[in-house]
There are 2 protein chains.
Amino acid sequence: MREISQPSYHHGNLRRVIIDAALQAIGESGPAGWSLRELARRAGVSHAAPAHHFGDKQGLLTAVAVEGFTLFSDALEAAAADVWEVGVAYVRFAIDHRPYFEVMFRPELYRADDPGVRSAQERAAGVLVDSARTLSPGAEHDRMTTIAAWSLAHGFASLWLSGALPESSGGDPEALARSMIRLVFGALR
Amino acid sequence: MREISQPSYHHGNLRRVIIDAALQAIGESGPAGWSLRELARRAGVSHAAPAHHFGDKQGLLTAVAVEGFTLFSDALEAAAADVWEVGVAYVRFAIDHRPYFEVMFRPELYRADDPGVRSAQERAAGVLVDSARTLSPGAEHDRMTTIAAWSLAHGFASLWLSGALPESSGGDPEALARSMIRLVFGALR
DNA sequence: ACCCTATCTTGACGTTGACAAGATAGCGAC
DNA sequence: GTCGCTATCTTGTCAACGTCAAGATAGGGT
């Protein structure tokens, strides 16, 4: 009297199923607090199915990073019309797509030299550089302004996610980020 | 003919030895890329010695976090005389004590509700709040300024450590951080 | 009708974190 | 001094983990 179904050999492509399961697991227990086998169990596949598609755990996380940076670039580009909103979009992405974000900026978890990762990363960086130029008080400060704007948005997102800011419980991250950006860069320009 | 020494039962207190080994391991392979057993092997103790002193892996990382926040507070306080240097000290600590820093802001790795952690954390936050007040353009902007300054320093440190900034290879993080802080908060005040 | 390949499963191996039980050494009491 | 108590550390064990090798299945081209 087995309650487990017999083998049944899937033949759809499980890549998406597995990535989605990974995102959910990362959301629940952080980017390193889950196991491939538990993942497979939840996705209803064998314990080695993930390895087939992604080689190993790093390979799976590499796929997550690529997807993450791509979605990230899309989000930033969509906000680029209003320069002041790019930083807000940065924060919003980090919070709305926390699992992606947490993997993306932990390069030791995946293969950071993967060409797919590289190009997706560069695309995102490009959007940031372009919008920061608009905020810069002068061409000679362009690079410094980019770094400052990036640091400000990234730091706020990281602190918010790690729960270091007391406002994390209950506050509205977008509104807070918007005020912060206007305070800092309103004075600068 | 055994080449391994016989048991020999240490009786010093191995807490320090183990924490130091952990810091080294974290420095080499990130806050989650090492194993307790490998750690013990390097420290020359049995595979269960760490568990005796710290309960489990989380316990060991909790001890690291407490120590880290304490050293962090010391570093910030030492720089507090010159407000402009607090942010620089933040960055310097992150880079000079990378293993501590990487653990401290990953609360899912340790017991963030530990009373020791809490008080060490609050002490560090206190220094930040006090110095940010000096930079604030007005009392009603105090909180916003604190968050902005904190985000700026934390973001810069995180991006630098993760290698996201091209300047990470070869540049001088302290000097860069100093310019960035002066650019942003010089205009604000 | 056949085979070829991508897809997925099964089985196995060494390693890991954790627990339980045993061994050792220092130290105060008498 | 030696007895026993306790903190310290070791040994032994276990389920779970990541990875590899080998086998099973199904769908598409020929």
Side-chain angles (χ1 to χ4, degrees), chain A residues 2-26 28-65 103 106 108-111 114, chain B residues 2-26 28-65 103 106 108-111 114:
Chain A
R2 309 285 311 274
E3 55 221 312
I4 302 295
S5 62
Q6 58 271 35
S8 91
Y9 283 85
H10 301 236
H11 271 88
N13 195 326
L14 296 185
R15 280 187 65 100
R16 179 99 314 264
V17 177
I18 292 172
I19 291 186
D20 287 343
L23 289 170
Q24 194 187 332
I26 295 168
E28 289 170 14
S29 13
W34 51 279
S35 80
L36 274 182
R37 291 177 104 109
E38 169 69 16
L39 198 81
R41 224 168 290 139
R42 287 219 225 161
V45 297
S46 79
H47 66 88
H52 169 70
H53 290 283
F54 302 99
D56 57 5
K57 204 173 180 179
Q58 268 200 38
L60 172 51
L61 289 172
T62 302
V64 170
V103 172
R106 284 214 208 341
E108 76 275 12
L109 292 178
Y110 57 90
R111 272 180 273 277
D114 178 277
Chain B
R2 309 285 311 274
E3 56 221 313
I4 303 294
S5 61
Q6 57 270 36
S8 90
Y9 283 84
H10 302 236
H11 270 89
N13 195 329
L14 296 184
R15 280 186 67 101
R16 181 101 307 269
V17 177
I18 292 171
I19 291 186
D20 288 343
L23 289 170
Q24 193 186 333
I26 295 167
E28 290 170 14
S29 13
W34 49 278
S35 81
L36 274 182
R37 291 178 103 109
E38 170 69 17
L39 197 80
R41 224 166 290 139
R42 288 220 225 161
V45 298
S46 81
H47 65 86
H52 169 70
H53 290 282
F54 302 99
D56 56 4
K57 204 173 180 179
Q58 268 199 40
L60 171 52
L61 288 172
T62 302
V64 170
V103 172
R106 284 212 206 344
E108 77 275 12
L109 292 179
Y110 58 92
R111 273 179 273 278
D114 178 278

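At a threshold of 4.5 Å between non-hydrogen side-chain atoms, the residues B:Trp34 and B:Leu39 count as touching. By the 4.5 Å heavy-atom criterion applied to side chains, A:Val103 and A:Ile26 are counted as neighbours. Within the 4.5 Å cutoff, the side chain of A:Gln58 has no heavy atoms near those of the A:Asp114 side chain. Looking only at side-chain heavy atoms (C-beta outward), A:Arg111 and A:Asp56 come within less than 4.5 Å of each other.
If you check distances only, the side chain of A:Arg15 never reaches the base of C:dT7 with a donor-acceptor pair under 3.5 Å.
Rounded to an integer number of Å, the gap from B:Gln58 CD to C:dC19 P is 12 Å. Rounding to whole angstrom units, CZ of residue A:Phe54 and P of D:dG18 are separated by 15 Å. Taking atom CG of residue B:Asp56 and atom C1' of nucleotide C:dC19, one finds them 11 Å apart after rounding to whole Å. The distance from atom CG of B:Leu109 to atom C1' of C:dG17 is 15 Å, rounded to the nearest whole Å. Rounded to an integer number of Å, the gap from A:Glu38 CD to C:dT16 P is 21 Å.
The side chain of A:His53 approaches C:dT7 more closely than any other nucleotide in the set C:dT9, C:dC19, C:dT7. Checking C:dT7, C:dT9, C:dA18 against every side-chain atom of B:Lys57, the shortest atom distance belongs to C:dA18. Among the nucleotides C:dG17, D:dT11, C:dT10, the one closest to the side chain of B:Ser35 is C:dG17. For B:Leu36, counting side-chain heavy atoms from C-beta on, the closest listed nucleotide (D:dT10, C:dG17, D:dT8) is C:dG17.
Under 4.0 angstrom from either OP1 or OP2 of C:dT10 there lies no side-chain N or O belonging to A:Arg37.
Counting non-hydrogen atoms under 4.0 angstrom, A:Ala51 reaches nothing in the nucleic acid. Here B:Ala48 lies in heavy-atom contact (under 4.0 Å) with a base.
In terms of heavy-atom proximity, B:Leu61 sits nearest to B:Leu109 at CD1-O, 3.6 Å.
Across the interface with DNA chain C, nearest-nucleotide mapping of A:His52 and A:His47 shows A:His52 to be the residue nearer the 5′ end.
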